[in-house]
Amino acid sequence: MSNYHLSLVIPVYNEEENLENLNQKIKEVLTNSGYQYEIIFVNDGSIDKSFEILKKIAAFGPDIKIINFRKNFGQTAALAAGINHAQGEIIVPLDADLESNPADIPKLLAKIKEGYDIVSGWRKNRWQNKFFSRRLTSMTANWLISAVTKVKLHDYGCTLKAYRCEIIKEVGLYGEMHRFIPALASWQGARVTEIEVNYQPRRFGKSNYGLGRTFKVILDLMTIKFLSGYSTKPIHFFGAAGFISIFIGFLAGGLAVYYKLTQQKDFISTPLPVLTALFFIVGVLFILIGFLAEMIMRVYHETQRRPIYSIKEKINFPAQGGSASGG
Ligand code: UDP
Ligand code: MG
């Protein structure tokens, strides 16, 4: 077991023009900081020269490591692989595009020293000139996530954050869930705070995401909320919905019978009998779906977690470190 204080985890997808500059900046900031650190670059199936450049950079020393994916698995998978292989006490993910400044890293670390488990970066001046197209959606998204998760942060999307190793390794990462790590960890009892960090638009390459991401984020948010509340007892969620539906069905049926008995309206002159049948059937189906979800969840909790990525090769990792499939 090596004793790094710090692991930088950097997902890389077609960032050939940024990598050398990035490595240089990290060196400037951390060389005399007193922190023993490793850098883990995760090459997420880049189709430009990123991997060649990374190999050159890694030749400078054993503390610069590369994980090379077979294909593009996405930013969350890249972060997950880097985090699983990180050996530092503190883990700091960082974008390769230099939108965040490595000079902010010591500030994050200082906050961790104060006793926080997660320190989140807040790119306060991002989207200054694009109020309607980007800033408004970003503010709304962050407000929504904060409201639903009850973890108040201004900038969930900022990759630059610092995590205590044991906190982040417990959070399973799926889909595009990396932005929810602070919320998931906070639900497990982690202490979370945020500080302002610098932001600079990309100089080279282009962003891999557009506005379409908003909908994915909202769906992800609903998923984690549902899973956190009901993943071990889905029947409580579906069962409640089912009972409500059946209850409405009874009301509609009762009303229809009342009209009939008081000779106000015939069964066929109102939609009530149809509604009765509809709500009744929907209610029963909800309960059955609940049982199905229970069975699936039991299987889910009992199966081993499969990694969501596949590693082709690793560079500068000790030979015995981890299995070949990267678990
Ligand atoms: N990235 C990745 N795999 C992908 C997409 C992005 O590893 O499929 C990396 C990318 O190289 C960058 C980081 O994730 O280091 C953030 O991506 P990007 O800058 O495109 O996102 P944005 O800053 O627009 O949120
Ligand atoms: Mg970026």
Side-chain angles (χ1 to χ4, degrees), residues 7-23 25-26 39-54 57 65-86 91-102 104-105 120-130 133-135 137-142 145 153-161 173-181 197-217 220 307-312 326:
S7 300
L8 296 183
V9 174
I10 308 180
V12 175
Y13 181 59
N14 297 343
E15 305 278 6
E16 56 185 3
E17 289 148 306
N18 294 314
L19 293 171
E20 259 151 9
N21 207 343
L22 174 71
N23 184 47
K25 285 213 170 154
I26 294 172
I39 307 179
I40 302 179
F41 287 102
V42 185
N43 179 34
D44 183 15
S46 298
I47 47 174
D48 64 358
K49 294 208 179 62
S50 293
F51 185 53
E52 280 69 44
I53 296 170
L54 286 177
I57 294 175
K65 304 169 186 192
I66 310 172
I67 294 170
N68 190 28
F69 278 1
R70 260 175 230 291
K71 62 169 259 280
N72 179 251
F73 284 95
Q75 190 185 351
T76 300
L79 285 170
I83 289 163
N84 286 345
H85 287 81
I91 297 180
V92 175
L94 180 69
D95 282 352
D97 56 13
L98 285 166
E99 286 190 25
S100 293
N101 192 338
D104 285 318
I105 295 172
S120 175
W122 171 20
R123 300 161 294 182
K124 200 173 180 182
N125 64 354
R126 202 185 192 195
W127 309 136
Q128 257 171 345
N129 315 321
K130 292 188 182 169
S133 64
R134 301 301 296 261
R135 180 121 183 261
T137 39
S138 156
M139 271 165 55
T140 314
N142 284 299
I145 299 174
L153 292 181
H154 287 93
D155 192 356
Y156 271 88
C158 183
T159 317
L160 180 62
K161 294 179 161 74
L173 283 179
Y174 291 94
E176 287 182 20
M177 298 289 191
H178 62 269
R179 77 191 67 249
F180 298 116
I181 298 171
V197 295
N198 292 301
Y199 170 78
Q200 215 187 10
R202 262 177 189 278
R203 301 235 317 276
F204 302 104
K206 59 176 182 0
S207 170
N208 294 288
Y209 304 102
L211 275 182
R213 177 161 63 179
T214 314
F215 296 100
K216 294 185 187 166
V217 169
D220 284 346
I308 53 174
Y309 51 82
S310 159
I311 294 171
K312 195 156 79 181

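Each ligand, and each atom within it, is numbered from 1 in the order the structure gives. Computed from a predicted structure; not experimentally measured.
Within ligand 1, the atoms closer than 4.0 Å to a non-hydrogen atom of Asn72 are 3 (N), 4 (C), 8 (O), numbered from 1 in the order shown. In the vicinity of Val12, heavy-atom distances shorter than 4.0 Å reach the ligand 1 atoms 7 (O), 11 (O). Which parts of ligand 1 touch Ser207 is read off a 4.0 Å heavy-atom cut-off, strictly below it: atoms 20 (O), 22 (P), 24 (O). Here is the list of ligand 1 atoms found below 4.0 Å of a heavy atom in Arg126: 23 (O).
Of the candidates Asn18, Asp97, Thr159, Asp95, the one placing a heavy atom closest to atom 19 (O) of ligand 1 is Asp97. Nearest to atom 7 (O) of ligand 1 by heavy atom, out of Pro201, Gly205, Pro11, Gly157, is Pro11.
Contacts between Asn208 and ligand 1 below 4.0 angstrom, taking non-hydrogen atoms only, involve backbone and side chain alike. With a 4.0 Å cut-off on non-hydrogen atoms, Asn14 does not touch ligand 1 at all. Of the heavy atoms in His178, none comes closer than 4.0 Å to ligand 1.
Minimum-distance N/O/S atom of Asp97 relative to the Mg ion (ligand 2): OD2. Looking at Glu99 and the Mg ion (ligand 2) together, the shortest N, O or S contact belongs to OE2.
The cationic group of Lys71 does not satisfy the cation-pi geometry with Phe69, failing either the under 6.0 Å distance to the six-membered ring centre or the 45° limit from the ring axis.
For ligand 1, none of its N or O atoms has an N or O atom of Ala78 under 3.5 Å away. Looking at Glu15 next to ligand 1, an N or O pair under 3.5 Å apart turns up.
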